[in-house]
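In what follows, chains carry the letters A, B, and so on, assigned in the order in which the sequence lines appear, proteins first and then strands, with residues in each chain numbered from 1.
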Number of protein chains: 2
Amino acid sequence: MDFSQDLMRGTVVPMVLALLSERAMYGYEIVKVVNARTQGRLEWKEGTLYPALHRLEAQGYLRARWSKAAGGNATSPGETSGAGVSASGGEGGKDRKYYAITRKGKAELARRAEEWRQFSGAVDAVLMGV
Amino acid sequence: MDFSQDLMRGTVVPMVLALLSERAMYGYEIVKVVNARTQGRLEWKEGTLYPALHRLEAQGYLRARWSKAAGGNATSPGETSGAGVSASGGEGGKDRKYYAITRKGKAELARRAEEWRQFSGAVDAVLMGV
DNA sequence: CATTATACCTTGACTGCCTAGGTATGCAAG
DNA sequence: CTTGCATACCTAGGCAGTCAAGGTATAATG
């Protein structure tokens with residue numbers, strides 16, 4: 001389903017914060033995870049995510065750390081299945097920028113998640129019965 | 001709660017269509033009904049609604065009809081105070097512009113409501129557990 | 001060696017919502 | 001009667017997040 005892009009507004013931030021509260025991830029990975037987790041209902045573009053990531057970092061909600069991709073590819077984008085962690089020690093890898101949520105970011109997440117719940121509940125209340 | 005206004009994007013149209021599928025209403029009334037129905041969680045401004053109404057009419061989703069406010073005021077929006085319903089039979093009233101949903105508008109409503117369900121479900125899937 | 005997937009980034013345009021204003025009528029209080 | 005408030009309509013200008021489209025570079029694949 002092709003969503004009116006307008007709906008995206010304001011939801012990217014809480015979603016990013018929520019994902020990073022589970023574990024640190026890099027941008028490209030976040031896009032894949034969102035697309036997988038929503039079963040393709042959402043299709044994030046990099047042009048949407050990266051500016052948001054930088055904004056959140058500037059606001060102190062995230063902290064970034066460059067890191068080489070370790071031997072066992074942690075990505076496994078398709079790889080819904082087990083993802084056998086090959087412990088091969090190859091140190092060569094592409095540069096990845098891992099983002100981790102800060103304490104401040106967690107507080108923001110709580111605020112934004114609650115905001116979303118209130119908001120979507122309000123919309124549902126009006127749409128109810130349709 | 002003061003929402004990030006960004007969330008509003010894309011939700012005004014389905015909400016308006018949903019309300020008008022129940023009964024014809026005029027703009028000012030819609031604002032009041034939304035604010036009441038969401039218990040103040042949403043606070044629509046006229047500057048938000050009127051342009052949307054005009055857009056929807058231009059697209060053929062709504063049809064407008066001017067009408068004087070009949071004696072018995074159908075509004076009773078706030079009604080917070082007693083506000084004795086003066087049953088004065090004056091037929092003179094303020095001009096109101098009643099909007100009714102068209103067949104085309106109903107189809108659009110179905111599409112948009114489903115879109116909202118899919119979308120909010122996807123967001124919830126990511127926010128789940130927060 | 002060429003192609004694809006990964007992984008990062010930025011610029012410019014778009015568009016819908018908000019702010020802040022404007023007009024006019026009806027009604028209640030002073 | 002006059003003042004004020006709620007009703008009821010409208011618009012112009014600005015803002016800000018998303019998208020489309022482009023760019024760079026490395027690793028894996030055929």
Taken in chain and number order and not counting sequence neighbours, the residues that satisfy side chain to side chain contact (heavy atoms under 4.5 Å, CB included) with B:A110 are none
Is B:R55 close enough to C:dC17 that one of its side-chain N or O atoms is under 4.0 Å from OP1 or OP2 there?
yes
Side chain B:R9 and base C:dT15 donor-acceptor under 3.5 Å
yes
Is the positively charged end of A:K97 above the ring of A:Y26, judged by distance under 6.0 angstrom from the centroid and angle within 45° of the axis?
no
Short side-chain N/O contact from A:K45 to OP1 or OP2 of D:dT18, under 4.0 Å
no
Can you check the A:K68 NZ to C:dA7 C1' distance for me, whole Å?
12 Å
Considering residues at least two apart in sequence or located in another chain, which fulfil the side chain to side chain contact (heavy atoms under 4.5 Å, CB included) criterion with A:K106?
A:I101
Within the structure, does a side-chain N or O atom of B:K32 lie under 4.0 Å from either OP1 or OP2 of D:dA6?
no
Set of ring pair (Phe, Tyr, Trp, His ring centres under 6.0 Å) partners for B:Y50, sequence neighbours left out:
none
Pairwise N/O distances under 3.5 Å, protein to nucleotides 9-12 of chain C:
{"unit_1": "C:dC9", "atom_1": "OP1", "unit_2": "A:H54", "atom_2": "NE2", "d": "3.4"}
{"unit_1": "C:dC9", "atom_1": "OP1", "unit_2": "A:K97", "atom_2": "NZ", "d": "2.8"}
{"unit_1": "C:dC9", "atom_1": "OP2", "unit_2": "A:H54", "atom_2": "NE2", "d": "3.3"}
{"unit_1": "C:dT10", "atom_1": "OP2", "unit_2": "A:H54", "atom_2": "ND1", "d": "3.4"}

Determine which pairs satisfy salt bridge (Lys or Arg N to Asp or Glu O under 4.0 Å) with at least one residue from residues 13-22 of chain A, sequence neighbours left out, and list them in order.
A:E22-A:R37
Less than 4.0 angstrom between a side-chain N/O of B:Y28 and OP1 or OP2 of D:dC9, yes or no?
no
Determine all donor-acceptor pairs shorter than 3.5 Å in which one atom belongs to a side chain in residues 120-130 of chain A; sequence neighbours excluded.
{"unit_1": "A:S120", "atom_1": "OG", "unit_2": "A:W116", "atom_2": "O", "d": "3.1"}
{"unit_1": "A:S120", "atom_1": "OG", "unit_2": "A:R117", "atom_2": "O", "d": "3.4"}
{"unit_1": "A:D124", "atom_1": "OD1", "unit_2": "B:W116", "atom_2": "NE1", "d": "2.8"}

Using heavy-atom distances to pick each residue's nearest nucleotide on DNA chain C, tell me which of A:D6 and A:G27 is more 5'.
A:G27
